[in-house]
A.B. asks: 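This structure is in structure tokens; I'll ask about it shortly.
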Amino acid sequence: MPDPLSRQQRSSLMAKVKGKDTKPELVVRRLIHGMGYRYRLHRSDLPGKPDIVFPGRRKVIFVHGCFWHRHSCRRGQSLPQARRTWWTAKLERNAERDRSNTRRLRSLGLGVMIIWECQTKPANLEKLAARIRRFLNA
């Protein structure tokens with residue numbers, strides 16, 4: 001098994017992780033735009049600053065990374081080898097904050113959809129487009 005990264009190496013690596021305009025988010029935005037829907041991005045006046053907002057439809061979409069937001073897929077269940085206790089607590093806080101933001105958005109009368117990173121693979125796009133269409137037209 002390879003040596004775990006040093007704290008400085010891990011810090012440098014994590015500093016490169018983007019919070020918006022990620023590859024999965026861009027895939028979803030291109031898909032939605034190609035379907036003819038128009039939207040706003042990262043509305044900071046809404047809880048959780050949703051990735052994609054449809055103000056007229058009162059709907060929002062979050063595009064979550066499986067690792068960072070604890071999806072049930074294989075990638076979402078992995079943990080770094082070093083500092084497992086710290087990572088577990090951090091990722092659990094992320095998931096709890098997601099649940100809280102979803103509750104707050106729904107209490108404001110907004111529909112909320114979560115799209116996971118693993119659902120944005122090319123093989124899944126047709127199914128994803130149908131799911132998005134149902135959500136937006138409901």
Side-chain angles (χ1 to χ4, degrees):
M1 179 162 66
D3 291 336
L5 295 175
S6 74
R7 196 172 234 182
Q8 291 162 331
Q9 289 171 317
R10 175 72 62 197
S11 178
S12 174
L13 185 66
M14 291 302 153
K16 295 177 184 176
V17 175
K18 298 191 308 182
K20 57 184 177 181
D21 300 332
T22 61
K23 184 176 178 182
E25 185 182 329
L26 293 176
V27 166
V28 172
R29 284 168 29 189
R30 267 187 237 111
L31 180 65
I32 292 170
H33 191 271
M35 293 164 61
Y37 296 103
R38 299 302 176 255
Y39 49 83
R40 299 285 173 255
L41 299 175
H42 311 292
R43 289 263 310 265
S44 60
D45 60 325
L46 294 174
K49 202 171 170 184
D51 298 311
I52 303 169
V53 181
F54 302 88
R57 296 173 184 275
R58 301 200 43 81
K59 309 246 180 175
V60 300
I61 295 177
F62 287 97
V63 182
H64 283 339
C66 294
F67 172 77
W68 294 104
H69 297 271
R70 307 312 291 155
H71 189 224
S72 59
C73 72
R74 180 181 55 83
R75 190 173 197 174
Q77 299 306 304
S78 67
L79 282 173
Q81 292 295 313
R83 302 177 65 209
R84 282 184 172 263
T85 304
W86 183 86
W87 277 104
T88 300
K90 176 185 179 32
L91 296 173
E92 203 41 56
R93 283 191 310 271
N94 288 355
E96 178 51 42
R97 186 173 49 249
D98 292 339
R99 288 187 290 271
S100 173
N101 288 331
T102 298
R103 282 190 301 271
R104 290 171 57 203
L105 287 163
R106 288 191 173 131
S107 74
L108 293 171
L110 296 167
V112 179
M113 178 182 207
I114 308 290
I115 298 176
W116 294 98
E117 175 183 11
C118 62
Q119 296 170 332
T120 65
K121 304 296 180 215
N124 301 335
L125 291 183
E126 197 170 306
K127 186 175 176 182
L128 180 59
R131 187 173 154 231
I132 291 169
R133 191 173 285 113
R134 279 192 308 274
F135 170 71
L136 293 176
N137 293 332

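All figures in this text were calculated on a predicted structure; none of them were measured in a lab. Sequential numbering from 1 along the given sequence is applied to the chain's residues.
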A.B. asks: Supply the atom-to-atom distance Ile32 CD1 to Arg133 CZ, rounded to the nearest 0.5 angstrom.
C.D. replies: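 Output value for this atom pair is 11.0 Å.
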
A.B. asks: For Trp86, does the six-membered ring have the charged nitrogen or CZ of Arg83 within the cation-pi criterion, i.e. under 6.0 angstrom from the centroid and within 45° of the normal?
C.D. replies: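 Judged by the rule, Arg83 and Trp86 form a cation-pi pair.
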
A.B. asks: What about Val27 and Phe135, same hydrophobic cluster or not, with Ile/Leu/Val/Met/Phe/Trp/Tyr joined at side-chain heavy-atom distances under 4.5 Å?
C.D. replies: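 Yes, same cluster.
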
A.B. asks: Can any side-chain N or O of Ser107 pair as donor or acceptor with the backbone N or O of Arg104 at less than 3.5 Å?
C.D. replies: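 Such a contact is found between Ser107 side chain and Arg104 backbone.
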
A.B. asks: Let's go through Lys90 and Asn94 carefully: what are the C-alpha distance in whole Å and the side-chain angles of both, what is the deciding distance for side chain to side chain contact (heavy atoms under 4.5 Å, CB included) to 0.1 Å, and is it a yes or a no?
C.D. replies: CA-CA 6 Å; Lys90 176 185 179 32; Asn94 288 355; 4.3 Å; yes

A.B. asks: Using a strict 4.0 Å threshold on nitrogen-to-oxygen distance, state whether Glu96 and Arg99 make a salt bridge.
C.D. replies: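 A salt bridge is present here (some side-chain N lies under 4.0 Å from a carboxylate O).
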
A.B. asks: Could you measure the distance from the CD1 atom of Ile132 to the OH atom of Tyr37? Nearest 0.5 Å is fine.
C.D. replies: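 Taking CD1 in Ile132 and OH in Tyr37, the distance rounds to 9.0 Å.
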
A.B. asks: Phe67 and Ser78: which non-hydrogen atoms are nearest, and at how many Å?
C.D. replies: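 Closest approach of Phe67 to Ser78, heavy atoms only: CE1-O, 3.5 Å.
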
A.B. asks: Is Leu128 reachable from Ile114 through a run of hydrophobic residues whose side-chain heavy atoms are each under 4.5 Å from the next?
C.D. replies: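 Per the 4.5 Å side-chain linkage, Ile114 and Leu128 are not co-clustered.
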
A.B. asks: So, taking the atom named SG in Cys66 and the one named CD in Gln119, what distance separates them when rounded to the nearest 0.5 Å?
C.D. replies: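 Reported value, rounded in 0.5 Å steps: 7.5 Å.
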
A.B. asks: When rounded to the nearest 0.5 angstrom, what distance separates CZ in Arg106 from CG in Asn101?
C.D. replies: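 Arg106 atom CZ to Asn101 atom CG measures 11.5 Å (nearest 0.5 Å).
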
A.B. asks: Is the shortest heavy-atom distance from the side chain of His71 to the side chain of Gln77 under 4.5 Å?
C.D. replies: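 Of all side-chain heavy-atom pairs linking Gln77 with His71, none is under 4.5 Å.
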
A.B. asks: So, does Lys23 use its side chain to make a donor-acceptor pair with the main chain of Glu117 at under 3.5 Å?
C.D. replies: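 Flag not set: sc Lys23 to bb Glu117 has no pair under 3.5 Å.
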
A.B. asks: Verify the cluster assignment for Tyr39 and Val28: are they in a single hydrophobic cluster under the rule of side-chain heavy atoms below 4.5 Å apart?
C.D. replies: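 Looking at the clustering, Val28 is in the same group as Tyr39.
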
A.B. asks: Restricting to non-hydrogen atoms, name the atom on Leu125 and the atom on Leu31 that form the minimum distance, rounded to 0.1 Å.
C.D. replies: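 So the minimum-distance heavy-atom pair works out to O-CD2, 4.1 Å.
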
A.B. asks: Kindly compute the distance separating CZ (Arg84) from CG (Leu91), expressed to the nearest 0.5 Å.
C.D. replies: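 So the CZ of Arg84 and the CG of Leu91 are separated by 11.0 Å.
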
A.B. asks: Between Glu92 and Arg70, is there a salt bridge with N-O shorter than 4.0 Å?
C.D. replies: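 No, this pair does not count.
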
A.B. asks: Side-chain donor-acceptor pair under 3.5 Å between His42 and Glu25, yes or no?
C.D. replies: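 Distance-only check passes for His42 and Glu25.
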
A.B. asks: In this structure, are over 12 heavy atoms from other groups packed under 6.0 Å from Arg75 atom CZ?
C.D. replies: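 Result for CZ/Arg75: open.
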
A.B. asks: Determine whether Asp98 and His64 make a side-chain contact, defined as any pair of heavy atoms from C-beta on separated by less than 4.5 Å.
C.D. replies: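 Asp98 vs His64: side chains touch.
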
A.B. asks: Run the numbers on Phe62 and His69 for side chain to side chain contact (heavy atoms under 4.5 Å, CB included), then give the verdict.
C.D. replies: CA-CA 11 Å; Phe62 287 97; His69 297 271; over 6 Å; no

A.B. asks: Counting only heavy atoms from other residues, nucleotides and ligands, does the tally under 6.0 Å from CZ of Arg74 exceed 12?
C.D. replies: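 Atom CZ in Arg74 is not crowded, with 12 or fewer foreign heavy atoms closer than 6.0 Å.
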
A.B. asks: Run the side-chain donor-acceptor check on residues 46-58: report pairs under 3.5 Å with partners two or more places apart or on a different chain.
C.D. replies:
{"from": "Asp51", "atom 1": "OD2", "to": "Val63", "atom 2": "N", "distance (Å)": "2.6"}
{"from": "Arg57", "atom 1": "NH1", "to": "Leu136", "atom 2": "O", "distance (Å)": "3.1"}
{"from": "Arg58", "atom 1": "NH2", "to": "Leu108", "atom 2": "O", "distance (Å)": "2.5"}

A.B. asks: Any non-hydrogen side-chain atom of Arg29 less than 4.5 Å from a side-chain atom of Leu41?
C.D. replies: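 The answer is yes, as the side chains (C-beta and beyond) meet within the 4.5 Å cut-off.
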
A.B. asks: About how many Å separate CG of Asp21 and CG of Leu26, when rounded to the nearest 0.5 Å?
C.D. replies: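 Output value for this atom pair is 5.5 Å.
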
A.B. asks: Looking only at heavy atoms, which two atoms of Cys118 and Asn124 are closest? And how far apart?
C.D. replies: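 That would be O-ND2, 3.1 Å.
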
